[in-house]
Amino acid sequence: MAVAIPATLSGLARALVQQDRLREAEAERIAAEAKPESGGFVGQLISTGRMSPRDIAVFASRTFGYPLLDLNAYSGDHIASDAIDRRVMQNHQVVALLRRGNRLSVALADPTNLRALDEIRFQTGMAVDPIVVEADKLSVIVARLAERPETSLQNLVDDDLNLEFDDGSAAEAAAEASSAEVDDAPVVKFIQKILHDAIAEGASDVHFEPYEKYYRVRFRVDGILREIAQPPLVIKEKIASRIKVISRLNIAEKRVPQDGRMKLVLSKTKTIDFRVSSLPTLHGEKIVLRILDSSSAMLGIDALGYEPDQREELLKAINRPYGMVLVTGPTGSGKTVSLYTCLNILNVPGTNISTAEDPAEINLPGVNQVNVDDRAGLTFASALKAFLRQDPDIIMVGEIRDLETAEISVKAAQTGHLVLSTLHTNDAPQTLTRLMNMGVPTFNIASSIILITAQRLARKLCSCKVPMDVPAETLLNAGFTEEDLDGSWQLYGPGKCDRCKGSGYKGRLGIYQVMPITEEIQRIIMANGTSLDIAAQAQAEGVRDLRRSGLLKVKQGVTSLDEVLATTNE
């Protein structure tokens, strides 16, 4: 008669009792005394002397049918140490050995540790193949890999840095830092090196994130967040305080969000602005830095990714003496860079340009830039009213959010001013119906707007791109026509190299829908037509929607089909 085993025993402990390698009471005691940081059940079992690491590994391999590996015979150079979060690695005593496609081979002493395996699957999004190893050899490798964040921190705070912050008053900032006890040289150099690396990698944002048991720094590069470092948790307060001092924020206030700016001097001719945002979280202040590189507005319209016909239509519109040009798209789609590029083209000595922004992200000499402040009463609408009394030629409104702003913008466009602005809509035709829904009369919309451009940002394929063969049916379903499948072009997908850090992508480019407001579209607007009616007319006039523009980039080999499908998901 089989002996009933308590439900409290599971996995390896249960198997050992079933095969008479441990008594039930002994297994329960070991399981109760086990601690995750000491290797869990396996670590506690080894400490009792009842079984050796080798005996446990052989038993687990034979019982559960997983391969057994001697870590001493495995080259540590091949360990995929960056595949698993260090916190998961230490808490569960696991190491990623090999990454192949969508599968990850993971070494662990207890293959029945389902919590560890589930956490790895969730974190990596990959299928996990357990490999049984001896606990003592595994703990040596885990300890060695766990030391790397400290080592990288020491490397980050080397003495060769010559960066400096310029916040307008270095002496005052130094005095505040000293009084707040944040003038810690390693922390200062760590922050400087992190920001330098972010700029070098082309990051758009830097995240400093505190959690209960660890602290991490992440970069957003090409729209994707990637973990860069895990500095010691004990320095989270010093990092937050140092950044707040430089950004002229209140370091004593940790209960409410704050916004500020700071500037990093890279050389005598190169400075980078940062927009700083602090946010109180459960375990400390999260700091996010938005990198505002003025040089991005100086790249020129050719670098943004417009097709020749789209570029011609846009340049024709912004060189009109009056009217409204709208740029639409979701947050992070590059609308600001597009607007600033247009302003840079129009910024000549004989032109008066004024902008109202929340906040001004890029400094353009020769342009009168105003930061709106709703709490002080300086709204987009009030700034626009003031602009109209300042003899402007060109007005840029950061965003049309309400009816009052829309009506004043339309009025300015109808009275001899060129108005540039943005809206958050999915495509160009929906922008017109959005204005109608706001309450702007259809006559004013039709008579003021001269062009709308909708845009998205897609990642560019790295030079390591590889040719791909995709069935014709898949290409047709994606939006290609039969005429497109003439065999004159090659489809490419992401490869892997050191330059792109294995992602297959490097940099981003714009995908655009540029829609001039023609007489036919004006008639549809006046007749209260829907966005579908406007889209059909625009297509009949040869305007490519975002998907067609993206597929053109695929044919040119500059991005992948998967990236375009994800970016232009309609």
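Within the 4.5 Å cutoff, no side-chain heavy atoms of Ile353 are placed close to those of Pro392. Counting heavy atoms from C-beta on, the side chains of Arg218 and Arg216 come closer than 4.5 Å. A 4.5 Å side-chain heavy-atom check between Asp533 and Thr530 finds at least one atom pair inside the cut-off. Side-chain contact between Ile408 and Lys385: present, with at least one pair of heavy atoms (C-beta onward) separated by less than 4.5 Å. The side-chain heavy atoms of Gln414 and Asn444, taken from C-beta on, include a pair separated by under 4.5 Å. Between Ile395 and Leu418 the shortest side-chain heavy-atom distance does not fall below 4.5 Å. At a threshold of 4.5 Å between non-hydrogen side-chain atoms, the residues Tyr492 and Leu561 do not count as touching. Inter-residue side-chain proximity for Leu435 and Leu423 is flagged as met; some heavy-atom pair is nearer than 4.5 Å.
Between Gly398 and Thr422, the closest heavy-atom pair is O-OG1, 2.6 Å. In terms of heavy-atom proximity, Val564 sits nearest to Leu551 at CG1-N, 4.0 Å.
A distance-only check finds no donor-acceptor pair linking the side chain of Ser448 to the backbone of Ala413 [under 3.5 Å]. When atom types are taken as modelled, the side chain of Trp489 and the backbone of Val554 share no donor-acceptor pair closer than 3.5 angstrom. Side-chain N or O atoms of Gln490 include one that pairs as donor or acceptor with a backbone N or O of Met468 at under 3.5 Å. Formation of a donor-acceptor pair under 3.5 Å by the Lys335 side chain with backbone atoms of Pro330 is found in this model. Here the side chain of Ser204 pairs no donor or acceptor atom with the backbone of Ile291 at under 3.5 angstrom. In this structure a side-chain-to-backbone donor-acceptor pair under 3.5 Å is present from Lys465 to Gly557. A donor-acceptor pair is defined here as one N or O able to donate and one able to accept, closer than 3.5 Å; no such pair exists between the side chain of Thr351 and the backbone of Asn347. Put simply, the side chain of Gln513 gets close to the backbone of Ala428: a donor and an acceptor are under 3.5 Å apart. Here the side chain of Asp222 pairs no donor or acceptor atom with the backbone of Arg459 at under 3.5 angstrom. For Asp393 (side chain) and Asn352 (main-chain N/O), a donor-acceptor pair under 3.5 Å exists by modelled atom type.
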Verdict with reasoning, Leu314 to Cys342, per side-chain contact (heavy atoms from CB on, under 4.5 Å):
CA-CA 9 Å; Leu314 179 60; Cys342 293; 4.1 Å; yes
Run the numbers on Phe387 and Asn368 for side-chain contact (heavy atoms from CB on, under 4.5 Å), then give the verdict.
CA-CA 10 Å; Phe387 288 167; Asn368 306 292; over 6 Å; no
Applying side-chain contact (heavy atoms from CB on, under 4.5 Å), run through Ile517 and Leu432 and close with a yes or a no.
CA-CA 10 Å; Ile517 306 302; Leu432 296 168; 4.1 Å; yes
Checking Asp358 against Arg401 for the salt bridge (charged side-chain N to carboxylate O under 4.0 Å, His left out) test, could you report, in this order, the C-alpha distance in whole Å, the side-chain angles of both residues, the deciding distance, and whether it holds?
CA-CA 12 Å; Asp358 184 21; Arg401 297 175 178 172; 3.0 Å; yes
Does the pair Ser409 and Met324 meet the rule for a side-chain contact (heavy atoms from CB on, under 4.5 Å), with working shown?
CA-CA 8 Å; Ser409 300; Met324 184 184 293; 3.5 Å; yes
Thr474 and Asn477: side chain to side chain donor-acceptor pair (under 3.5 Å), yes or no, with the steps?
CA-CA 5 Å; Thr474 302; Asn477 290 337; 5.6 Å; no
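Tested against Arg290, the residues Asp273, Asp259, Asp205 include a single salt bridge (Lys or Arg N to Asp or Glu O under 4.0 Å) partner, Asp205.
One finds no salt bridge joining Glu307 and Arg544 here, because no Lys/Arg side-chain nitrogen approaches an Asp/Glu carboxylate oxygen to under 4.0 Å. The pair Glu563-Lys460 fails the salt-bridge criterion, with no side-chain N (NZ, NE, NH1 or NH2) lying under 4.0 Å from an Asp/Glu carboxylate O.
Under 3.5 Å, the side chains of Thr433 and Ser531 contain no donor-acceptor pair of N or O atoms. A donor-acceptor pair shorter than 3.5 Å cannot be found between the side chains of Arg434 and Thr425. Using modelled atom types, one finds a donor on one side chain and an acceptor on the other under 3.5 Å when comparing Ser560 with Tyr505. Using modelled atom types, one finds a donor on one side chain and an acceptor on the other under 3.5 Å when comparing Gln455 with Ser338. Thr481 and Asp484 are linked by a side-chain donor-acceptor pair at a separation below 3.5 angstrom, with hydrogens and angles left out of the test. Defined by atom type and a distance below 3.5 Å, a donor-acceptor pair is missing between the side-chain atoms of Thr518 and Glu520.
Within a 6.0 Å sphere centred on NZ of Lys411, heavy atoms belonging to other residues, nucleotides or ligands number 12 at most. Counting heavy-atom neighbours within 6.0 Å of Arg320 CZ, excluding the residue itself, gives a total of 12 or less.
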